[in-house]
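Below: the structure, in structure tokens.
The first residue of the sequence shown is numbered 1, and numbering continues consecutively from there. For clarity, every value in this text was computed on a predicted model and none was experimentally measured.
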Amino acid sequence: MEPPEDKDGRTFVEVMSEKYSPENFPYRRGPGMGVVVVPTAGPQGSPMKDRLNLPSMLVLNSCGISRAGDQAEIAAFCAHVMELDLSHNKLQDWNEISKIVANIPNLEFLNLSSNPLAGMILEPQCAAAFSRVRRLVLNNTQVSWDTVLVLTREIPELEELFLCLNEYSSVSASSVACPTLRLLHITDNSLQDWAEVRKFGPMFPSLDTLVMANNNLASIQDNKDILQRLFPNLRSINLHNSGLNRWEDIEKLTFFPKLEEVRLQGIPLLQAYTNAERRSLIIAQLPSISLLNGSVVTDSEREDAERFFIRYYLDQPKEELPYRYHSLVTKYGKLEPLADIDLRPRCHAQVEVHCEEKVEQLSIRLDQTVAELKKQLTTVVQLSINSMRLYYIDKDSAFGPEEMKYNTRALHSYSIQDGDEILVVPKSK
């Protein structure tokens, strides 16, 4: 597709000259601040200032840039630039982008997010200008997957690639691998079928980190041998808000030989469990991970989780026991149920909610915060979150109501018991 002519857009040279002129960007000493650039051989009649205070990281986002401008000017002033943010501009012609990039010889990081690149064709000879880039951000550009493949073939040392919000529902395989890519950030797309995700393996054989949150991936379909070959170097995977709903899919994560970090929040499989149960069951299922949802898994936490896992499945029929259960029983033996005294925090309480003349029985989760309880109560008392004050009344205490002031405080810290009361007082206007 031929890009439409943009007569209103500005050139990269114009914006750079304006933003980094000595008047607008005074020279200051310090790391990355105001490196004075004086071109040694600027073109005759150049509209550029004699000098610009250019840092090695140029931020020219949301400036209305649609064209490169004079390439000699770019080459004269940008030889030392290593990072360039051109997000939220009007760039829709790969030829114009390549004119900018080709004249920045040390460029390693390029952000083109939110430029209108849908349907724009990138020719291989034009893509060669990007050959020195190591980190490339193409979020919300609707850039085609064919263009992505051209870039990965023409950038020999590409290490990080960001492709979020591009509406991909499928990807095509590449006949040429990109052996240097370590990080693929492809959140907020529509990659629901594992048959699409598995193509990343041969395409990026050194992939270390795969961030696939908000893709609604339905399942992980390959067997152990295939998964080991597909992602031999994968160390971290993010599947937040995917569609995984079987424990078999979680178990398959153990087949990635180097996996040590997993992020798995907001998946249908875990909705029925408390926060503590979710964490314990996942840790027990994944013996090699050291980080779960950003938190370190300690040795003592792992042992507690694995023992909890055994007890959790004690009463399950033999044919329904997960494979992991048998390996943990081999490790710890078949554990007896815990003693009658359960020191773990209670998970729920049945309370009376009082609001003016209204009284409601309500079951509340004790692992939630005061703010989350207020949200739950909005439909009960017909008040907005900001229009209510909460007080906790302990039925066995001689003391009066305790105001629940702090929105981030967990309910279990109040030691709420069945039969206690929550008093809701409308705030006076």
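Counting heavy atoms from C-beta on, the side chains of V211 and R263 never come closer than 4.5 Å. Side-chain contact between N216 and N241 is absent, with no heavy-atom pair separated by less than 4.5 Å. Proximity of L239 to I267: side-chain heavy atoms (C-beta onward) are nowhere separated by under 4.5 Å. Proximity of D208 to L183: side-chain heavy atoms (C-beta onward) are nowhere separated by under 4.5 Å. In this structure, I155 and S131 have side chains that are not in contact, with every pair of non-hydrogen atoms separated by 4.5 Å or more. At least one side-chain heavy atom of V148 sits under 4.5 Å from a side-chain heavy atom of Y168. Residues F200 and S174 form no side-chain contact, since every pair of their non-hydrogen atoms from C-beta on lies 4.5 Å or further apart. Within the 4.5 Å cutoff, the side chain of M212 has heavy atoms near those of the L191 side chain.
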query: Which is it for S113 and N111 under the side-chain hydrogen bond (donor to acceptor under 3.5 Å, both in side chains) test, yes or no, and what are the steps along the way?
result: CA-CA 6 Å; S113 295; N111 185 357; 2.8 Å; yes
task: Show the numbers, then the answer: is there a side-chain hydrogen bond (donor to acceptor under 3.5 Å, both in side chains) between E154 and Q125?
output: CA-CA 9 Å; E154 297 297 327; Q125 62 270 24; over 6 Å; no
message: Between T147 and S144, is the side-chain hydrogen bond (donor to acceptor under 3.5 Å, both in side chains) condition met? List the steps.
response: CA-CA 5 Å; T147 297; S144 72; 2.9 Å; yes
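Applying the salt bridge (charged side-chain N to carboxylate O under 4.0 Å, His left out) rule to pairs touching residues 269-289 yields R279-E301, sequence neighbours excluded.
R10 has a carboxylate O that lies under 4.0 Å from a charged side-chain N of E18, or vice versa, which qualifies the two as a salt bridge. At a threshold of 4.0 Å, the pair E303-R307 counts as salt-bridged, since one of the basic side-chain nitrogens sits closer than that to a carboxylate oxygen. In this structure, E320 does not pair ionically with K318, as no charged nitrogen and carboxylate oxygen lie closer than 4.0 Å. For E157 and R132, the salt-bridge test fails: no basic side-chain N is under 4.0 Å from an acidic carboxylate O.
Using bins of under 30°, 30° to 60° and over 60° for the plane-to-plane angle, the ring pair Y273/W247 lands in the perpendicular bin. The aromatic rings of H185 and F162 sit parallel to each other, their planes meeting at less than 30°, with 60° as the upper class boundary.
Between the CG atom of N115 and the CE atom of M120 there is a distance of 11.5 Å, given to the nearest 0.5 Å. The CD1 atom of I422 sits 11.5 Å away from the CE atom of M388 when rounded to the nearest 0.5 Å. Atom CG of L227 is separated from atom CG of L253 by 9.0 Å, given to the nearest 0.5 angstrom. In this structure, the separation between CZ on F77 and CG on D70 is 10.5 Å, given to the nearest 0.5 Å. Taking CZ of F309 as the start and CD1 of I283 as the end, the distance is 12.5 Å to the nearest 0.5 Å. Atom CG of N189 sits about 9.0 Å away from atom OG of S169, to the nearest 0.5 Å.
Of the possible donor and acceptor atoms, one in the side chain of D249 sits under 3.5 Å from a partner among the backbone N and O of I220. A donor-acceptor pair is defined here as one N or O able to donate and one able to accept, closer than 3.5 Å; such a pair exists between the side chain of N233 and the backbone of P205. No donor-acceptor distance shorter than 3.5 angstrom exists from the side chain of R235 to the backbone of E261, with no hydrogens or angles considered. Q382 contributes a side-chain N or O that, together with a main-chain N or O of T379, makes up a donor-acceptor pair within less than 3.5 Å. Without hydrogens or angle criteria, D193 side chain to A195 main chain gives a donor-acceptor distance under 3.5 Å. One N or O on the side chain of N89 and one on the backbone of L60 form a donor-acceptor pair closer than 3.5 Å. Of the possible polar contacts, one joining the H240 side chain to the Q265 backbone as a donor-acceptor pair under 3.5 Å is found. The main-chain N or O of T369 is found under 3.5 Å from a side-chain atom of E372 such that the two form a donor-acceptor pair. Within the 3.5 Å criterion, the main-chain N or O of Q221 finds no donor-acceptor partner in the side chain of S219. In this structure, the side chain of N238 does not engage the main chain of L210 through any donor-acceptor pair within 3.5 Å.
Annotation for M82: atom CE does not count as buried by contact number, only 12 or fewer foreign heavy atoms lying within 6.0 Å. For Y332, the OH atom sits in a packed shell: over 12 heavy atoms of surrounding residues, nucleotides or ligands are nearer than 6.0 Å. Atom CG of D315 sits in a sparse spot, with 12 or fewer heavy atoms from other residues, nucleotides or ligands closer than 6.0 Å.
The closest side-chain donor-acceptor pair between N214 and T187, if any, does not fall under 3.5 angstrom. Judged by distance alone, the side chains of S384 and N386 never bring a donor and an acceptor atom under 3.5 Å apart. For N407 and K374, the side-chain atoms include at least one donor-acceptor pair closer than 3.5 Å.
Among L138, L161, L158, the one residue that satisfies the side chain to side chain contact (heavy atoms under 4.5 Å, CB included) test with L151 is L138.
Summarising the geometry of S98 relative to A129, their closest heavy-atom pair is O-CB, 3.7 Å, with the distance given to 0.1 Å. Across Y20 and P55, no two heavy atoms sit closer than the pair CE2-CD, 3.5 Å. Taking both residues in full, the closest heavy atoms of F308 and S280 are given as CD2-CB, 3.6 Å, listed atom of the first, atom of the second, then distance. For the pair N245 and P268, the tightest heavy-atom approach, listed with the atom from each and the gap, is CB-CB, 4.1 Å. Nearest heavy-atom pair, S363 versus Q376, reported as atom, atom and distance to 0.1 Å: O-NE2, 3.3 Å. In this structure, I104 and I74 approach most closely via the heavy-atom pair CG1-CG2, 4.0 Å.
With sequence neighbours excluded, the residues satisfying salt bridge (Lys or Arg N to Asp or Glu O under 4.0 Å) with R302 are E306.
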Side-chain donor-acceptor contacts of residues 286-295 below 3.5 Å, not counting sequence neighbours, with atom names and distances?
residue	atom	partner	partner atom	Å
S290	OG	E260	O	3.4
N293	OD1	L264	N	2.7

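Under a cutoff of 6.0 Å and an axis angle of 45°, R134 and F109 do not form a cation-pi pair.
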